[in-house]
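For the numbers below, each heavy atom of this structure counts, side chains included, while hydrogens, waters and symmetry mates do not. Ligands are counted one by one from 1 in listed order, and the atoms in each one are counted from 1 as well.
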Amino acid sequence: MNHLAGLPEGRVPVLRLPATPQDTNAGGDVFGGWLMAQVDIAGSIPAVLRADGRVVTAAVRSMSFLKPVRVGDLVSLYAEVTEVGRSSIRVAVEAWVQRRRPRPEAMRVAEAELVYVAIDERGRPRPVPKEAAGG
Ligand SMILES: CC(C)(COP(=O)(O)OP(=O)(O)OC[C@H]1O[C@@H](n2cnc3c(N)ncnc32)[C@H](O)[C@@H]1OP(=O)(O)O)[C@@H](O)C(=O)NCCC(=O)NCCS
């Protein structure tokens, strides 16, 4: 079986994990905050690579929950740098799920835009290095 079935073609998720019962509220639904945490982790991955070092999350510019996530869903997160400032890095994140029951399907469940800031060892903003040739 293709483990990326139904997900966007030609794109590679930066993070994949299942939603488990411990990620739910008392009503049995997956917390929006759980998904936000995964989105933040996913967004930080291209930000750290682009910054070539430590970053902090400066802002969640937007976060939209498009469809509910259910226990057992396999969540895949896609994250791409969209803009680089002096010390800031803007990242677009999409969350998708693959669900097996009652029938196999995949859908986009959330989209977000976050801003990370490259910091030095004292937590102060530092310039993002120029992009190396070849990425
Ligand atoms: C993010 C942080 C390092 C910025 O420090 P600062 O002294 O305010 O820095 P500056 O005002 O010089 O801004 C630095 C850059 O961040 C950007 N920035 C700061 N706050 C921002 C915000 N709310 N939204 C978007 N960009 C922001 C600025 O536009 C600037 O970008 P540029 O260098 O590309 O032009 C500081 O606010 C911080 O440490 N915040 C806490 C971060 C954190 O702990 N996150 C995890 C929370 S649990």
> So, Q98 side chain and H3 main chain: donor-acceptor pair closer than 3.5 Å or not?
Replying inline: yes
>> I need the atoms of ligand 1 closer than 4.0 Å to a non-hydrogen atom of A58, numbered in the order shown.
In response: 1 (C), 23 (N)
> Is atom 1 (C) of ligand 1 less than 4.0 angstrom from some protein heavy atom?
Replying inline: yes
> Protein heavy-atom contact under 4.0 Å for atom 16 (O) of ligand 1?
Replying inline: yes
> Of the non-hydrogen atoms in R99 and R101, which two are nearest, and what is the gap between them?
Replying inline: CG-O, 3.5 Å
>> Could you work out, for atom 9 (O) of ligand 1, the closest of A118, S44, S87, P125 by heavy-atom distance?
In response: P125
> Any protein heavy atom sitting closer than 4.0 Å to atom 28 (C) of ligand 1?
Replying inline: no
> With a 4.0 Å cut-off, strictly under, does atom 45 (N) of ligand 1 pick up any protein heavy atom?
Replying inline: yes
>> Need the ligand 1 atom indices (1-based, order shown) with element for anything under 4.0 Å from a heavy-atom of A59.
In response: 22 (C), 23 (N), 24 (N)
> Would R11 and E9 pass as an ion pair if we require N to O under 4.0 Å?
Replying inline: no
>> I'd like to check atom 13 (O) of ligand 1 in this structure: does the protein have a heavy atom lying under 4.0 Å from it?
In response: no
> Relative to the heavy atoms of G85, which atoms of ligand 1 are at a distance of less than 4.0 Å?
Replying inline: 34 (O)
>> Quick one: does any side-chain atom of Y78 pair with a main-chain N or O of W96 as donor and acceptor, under 3.5 Å?
In response: no
> Would a search of protein heavy atoms around atom 32 (P) of ligand 1 find one under 4.0 Å away?
Replying inline: yes
>> So if I count the atoms of ligand 1 from 1 in the order they appear, which ones are less than 4.0 Å from some heavy atom of R61?
In response: 24 (N)
> Quick one: which ligand 1 atoms are inside 4.0 Å of a heavy atom on S88?
Replying inline: 31 (O), 32 (P), 33 (O), 34 (O)
> Quick one: does atom 36 (C) of ligand 1 have a protein heavy atom under 4.0 Å from it?
Replying inline: no
